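Given the structure is predicted, the values throughout are model-derived calculations rather than measurements. Computed over heavy atoms, backbone and side chain alike; hydrogens, waters and symmetry mates excluded.
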Amino acid sequence: MTGRSGRGDRQPPRIRSKSELQQQRRPARHQCWNHLIAAPLWPQHGVNLGTLLRTCDAVGACLAVPRLPWVPEALRRGNTLRHKQCVHWIEGDVCRWLYRQRAGDSAILGVELADESIRLADLPAARRRTIVVLGNEGSGIPAEALELLDSAVEIPMLGSGHSLNVAVAASLVLYKAAGLM
């Protein structure tokens, strides 16, 4: 016979305390591992950048962003972890930066709906330095940058929306590319 909860002899999940979590995780921010880099190269909304900083910390990734006038302040305000995160600043043309990364043997992975896109569930963990390129919510990754991608990943959606928020899409792809799901 089951108890009042209808769950039999099972115990409810035990929530770990903040101090237990702190003991299990890194005591401080990670240094630049230069392995997995989230690159929202055409940002529109500062709040997405702050969310991405937190995801980068969680998966051990860095953030690469163009040095637009408003971006440093958006990152400062959005950094809810309150310690400095690993940010690679891109000066000048972002497509030239992407070209140099590719020439330096980095894998360039775009988050984009394309004919040859890999489904997120089929994306393998990054085995070499990987740049995860993100377009903006309105127009995606520009055509000149699409030519520089080694591959693209798409996130299947059942709803009526055409795409996810950039920070949400990046978080899903970063967790998968980091091998954490």
Heavy-atom closest contact ([X] atom, [Y] atom, distance):
X      : Y      : result
Pro66  : Trp89  : O-CZ3, 4.0 Å
Leu174 : Ala61  : CD2-CB, 4.5 Å
Gly135 : Ile141 : N-CG1, 3.5 Å
Pro43  : Pro40  : CD-O, 3.4 Å

- [ ] Using the side-chain contact (heavy atoms from CB on, under 4.5 Å) rule, take Leu164 and Leu172 through it: C-alpha gap first, then chi angles, then the decisive distance, then the call.
- [x] CA-CA 10 Å; Leu164 294 170; Leu172 291 169; 3.8 Å; yes
Co-membership, hydrophobic cluster, residues [X] and [Y], 4.5 Å side-chain:
X      : Y      : result
Leu98  : Val173 : no
Leu109 : Val65  : yes
Ile37  : Val59  : no
Leu63  : Leu36  : yes
Leu49  : Leu68  : yes

Please list, one pair per line, the donor and acceptor atoms closer than 3.5 Å that link side chains of residues 143-152 to other protein atoms, with sequence neighbours excluded.
| unit_1 | atom_1 | unit_2 | atom_2 | d |
| --- | --- | --- | --- | --- |
| Asp150 | OD1 | Arg102 | NE | 3.1 |
| Asp150 | OD1 | Arg102 | NH2 | 3.2 |
| Asp150 | OD2 | Ile108 | N | 2.8 |

TODO: Hydrophobic side-chain clustering at under 4.5 Å (ILVMFWY, transitive links): who's grouped with Val47? Put none if nobody.
DONE: none
- [ ] For residues 32-46, pull every pair meeting salt bridge (Lys or Arg N to Asp or Glu O under 4.0 Å), keeping only residues two or more places apart or in separate chains.
- [x] none
Task: Selection residues 171-181 - residue pairs positive for side chain to side chain donor-acceptor pair (under 3.5 Å), sequence neighbours left out - done: Thr55-Ser171
Open item on the list: Quick test of your reading: applying side chain to side chain donor-acceptor pair (under 3.5 Å), list the pairs with at least one residue in residues 61-73, sequence neighbours left out, ordered by first then second residue.
Closed with: Arg67-Glu91, Glu73-Arg76
- [ ] Say whether, by atom type as modelled, one donor and one acceptor occur between the side chain of Ser117 and the main chain of Glu112 under 3.5 angstrom.
- [x] yes
Open item on the list: Arg96: which residues meet the salt bridge (charged side-chain N to carboxylate O under 4.0 Å, His left out) condition with it, sequence neighbours left out?
Closed with: Asp93
TODO: Just jot down the side-chain hydrogen bond (donor to acceptor under 3.5 Å, both in side chains) partners of Asn48, sequence neighbours excluded, or say none.
DONE: Glu137, Asn165
Open item on the list: Using side-chain heavy atoms (C-beta onward) and a distance below 4.5 Å, is Val87 in contact with Leu53?
Closed with: yes
Please table the atom pairs, donor to acceptor, closer than 3.5 Å between any side-chain atom in residues 122-134 and protein atoms at least two apart or in another chain.
| unit_1 | atom_1 | unit_2 | atom_2 | d |
| --- | --- | --- | --- | --- |
| Arg129 | NE | Asn34 | O | 3.4 |
| Arg129 | NE | Asn34 | OD1 | 3.0 |
| Arg129 | NH1 | Gln101 | OE1 | 2.6 |
| Arg129 | NH1 | Ser106 | OG | 2.7 |
| Arg129 | NH2 | Asn34 | OD1 | 3.0 |
| Arg129 | NH2 | Gln101 | OE1 | 3.3 |
| Thr130 | OG1 | Arg128 | O | 2.8 |

Task: Interatomic distance, Met181 atom CE to Leu120 atom CG [nearest 0.5 angstrom] - done: 5.0 Å
